[in-house]
Amino acid sequence: MKLLVFGRTGQLGRAIRAQAATAPGLALTALGRDAADLARPEVCAAAICDAAPDAVINAAAFTDVDGAEDDPARAHRINAEAPGAMARACAARRIPFVHVSTDYVFDGSGTAPHAPDTPTAPLNTYGRSKSAGEDAVRAAGGPHAILRTAWVFSAHGQNFVTTMLNLAARHHGLRIVADQVGGPTPADALAAACIATARQLAADPGKSGTYHYAGTPEVSRADFARAIFAQAALDCAVTGIPTDQYPTPAPRPLNSRLDCTATETAFRIARPDWHAALDDIISRIPDSTE
């Protein structure tokens, strides 16, 4: 299979490249911003035409949640217009398209896991841009899988794990929100899920739809931080606080739980245990920051 991936240096793009290196029968082309800038959707569509792949994964996005509040036009162009252009280019050639989305399309109300058909109601500009991107992918009418995820972490880039480790190196105690709950998702596992979804969608376009994939078990931000510090053997006390005591430019959903049953049923992809992944990732972080 010839697989074209948008997003080369982000934590998910890096993980997909690593997974593809050992995957049998897979020829991967990963495009970075220099080759396919998502701020120019027409360039992304042209890249699909030129590559003539068997499947496409969009692992790139404008992910600066607070920054999106200051530049909503750019967030919309990258997170909505670009995926729409990609999806239309794929649909015209019946190429399966896997698009990674987010729990931020929901308002975070309640405590039950959000199902794929739960009505979206994003709280911030980033979530609205991602929701618009989902709509554009569906409207294209081609074989597609929208894969919503949450709290992605890896040894690379800026994510909750690397941020907590950096903060703990400078502080003996931290105040972390305790009322935001979700399933931390290892980037390596998400990468494998994206590739498996692309393969299966190519074999059976009837699996097109919206799916969820996130780590298990669900945990609060504060308890996730405690687990990170315990695994890294760092002496950093965590005081849990409500979200309203840690204001940010973009409001965050409190409930980021995702119901992944449909993904397990359709693609036979089990949810990853973030505890096991955390052990491996923390052991690799020193090498990644040299």
Side-chain angles (χ1 to χ4, degrees), residues 4-8 10-13 16 31-33 36-48 55-92 95-108 114-152 185 190-191 193-194 197-198 201 208-214 250-253 256 258 262-263:
L4 179 65
V5 176
F6 289 90
R8 178 177 177 83
Q11 57 179 338
L12 180 54
I16 291 175
L31 302 178
R33 189 178 302 170
D37 185 351
L38 269 68
R40 301 175 62 196
E42 71 283 358
V43 172
C44 299
I48 293 171
V56 175
I57 297 174
N58 179 29
F62 185 114
T63 57
D64 183 351
V65 177
D66 290 328
E69 298 298 315
D70 295 325
D71 197 350
R74 182 172 177 82
H76 185 83
R77 192 159 57 249
I78 292 173
N79 290 342
E81 294 176 21
M86 295 176 197
R88 289 188 293 274
C90 286
I95 298 170
F97 181 53
V98 177
H99 175 61
V100 179
S101 192
T102 174
D103 61 293
Y104 277 54
V105 301
F106 299 117
D107 63 8
H114 300 295
D117 60 356
T118 299
T120 58
L123 299 175
N124 53 47
T125 298
Y126 168 73
R128 287 189 287 273
S129 70
K130 293 294 287 184
S131 181
E134 291 185 3
D135 291 342
V137 170
R138 296 186 193 99
H144 69 275
I146 295 167
L147 201 59
R148 294 181 183 135
T149 191
W151 297 18
V152 179
T185 309
L190 178 58
C194 288
T197 300
L201 196 59
S208 292
T210 302
Y211 298 91
H212 291 168
Y213 183 79
R252 267 60 168 176
S256 291
L258 296 177
T263 310

Original post:
So which heavy atom on Val56 is nearest to which on Cys90, and how close?
Top reply: CG2-SG, 3.7 Å
**OP:** List the atom of Ala61, the atom of Lys130, and the distance in Å for their closest heavy-atom pair.
**Re:** CB-NZ, 3.8 Å
Subject >> Side-chain heavy atoms of Leu190 within contact of Leu12, under 4.5 Å >> reply: yes
Original post:
Picking from Ser101, Ser131, Ser129, what satisfies side-chain hydrogen bond (donor to acceptor under 3.5 Å, both in side chains) with Asn79?
Top reply: Ser129
Subject >> Nearest non-hydrogen partners of Pro116 and Ala262, listed with the distance >> reply: CG-CB, 4.5 Å
Original post:
Which atom pair, heavy atoms only, marks the closest approach of Ala45 to Ala85?
Top reply: CB-O, 3.8 Å
**OP:** Report the distance from atom NE2 of His99 to atom OG1 of Thr210, rounding to the nearest 0.5 Å.
**Re:** 10.0 Å
Original post:
Between Arg138 and Glu134, is there a salt bridge with N-O shorter than 4.0 Å?
Top reply: yes
Subject >> Heavy-atom pair of closest approach, residues Phe106 and Pro253 >> reply: O-CB, 4.0 Å
Original post:
Distance from Arg33 atom CZ to Arg40 atom CZ, nearest 0.5 Å?
Top reply: 13.0 Å
Subject >> Atom pair OG1/CH2 of Thr185 and Trp151 - distance to nearest 0.5 Å >> reply: 9.5 Å
Subject >> Thr118 side chain near His212 side chain, heavy-atom distance below 4.5 Å >> reply: no
Original post:
Pick from Leu147, Val5, Leu38, Val98: which one makes a side chain to side chain contact (heavy atoms under 4.5 Å, CB included) with Asn58?
Top reply: Leu38
**OP:** Any chance you could measure Asp107, atom CG, to Asn124, atom CG, to the nearest 0.5 Å?
**Re:** 11.0 Å
Subject >> By side-chain hydrogen bond (donor to acceptor under 3.5 Å, both in side chains) - contacts of Glu69 (at least two apart) >> reply: Thr125
**OP:** Assign the ring pair Tyr126 / Tyr104 to parallel, tilted or perpendicular, where the plane angle (0 to 90°) is split at 30° and 60°.
**Re:** perpendicular
Subject >> Neighbour count above 12 (heavy atom, 6.0 Å) for Arg77 CZ >> reply: yes
Original post:
Partners of Arg88 by salt bridge (Lys or Arg N to Asp or Glu O under 4.0 Å), sequence neighbours excluded?
Top reply: none
**OP:** Look up atom CD1 in Ile95 and atom CD1 in Ile48, then write down how far apart they are to the nearest 0.5 Å.
**Re:** 6.5 Å
Original post:
Which pair of non-hydrogen atoms, one from Ala91 and one from Gly141, has the smallest distance, and what is that distance?
Top reply: CB-C, 4.4 Å
Subject >> Short N-O contact, Arg252 and Asp103, less than 4.0 angstrom >> reply: no
**OP:** Report the distance from atom CZ of Phe97 to atom CG of Leu4, rounding to the nearest 0.5 Å.
**Re:** 10.0 Å
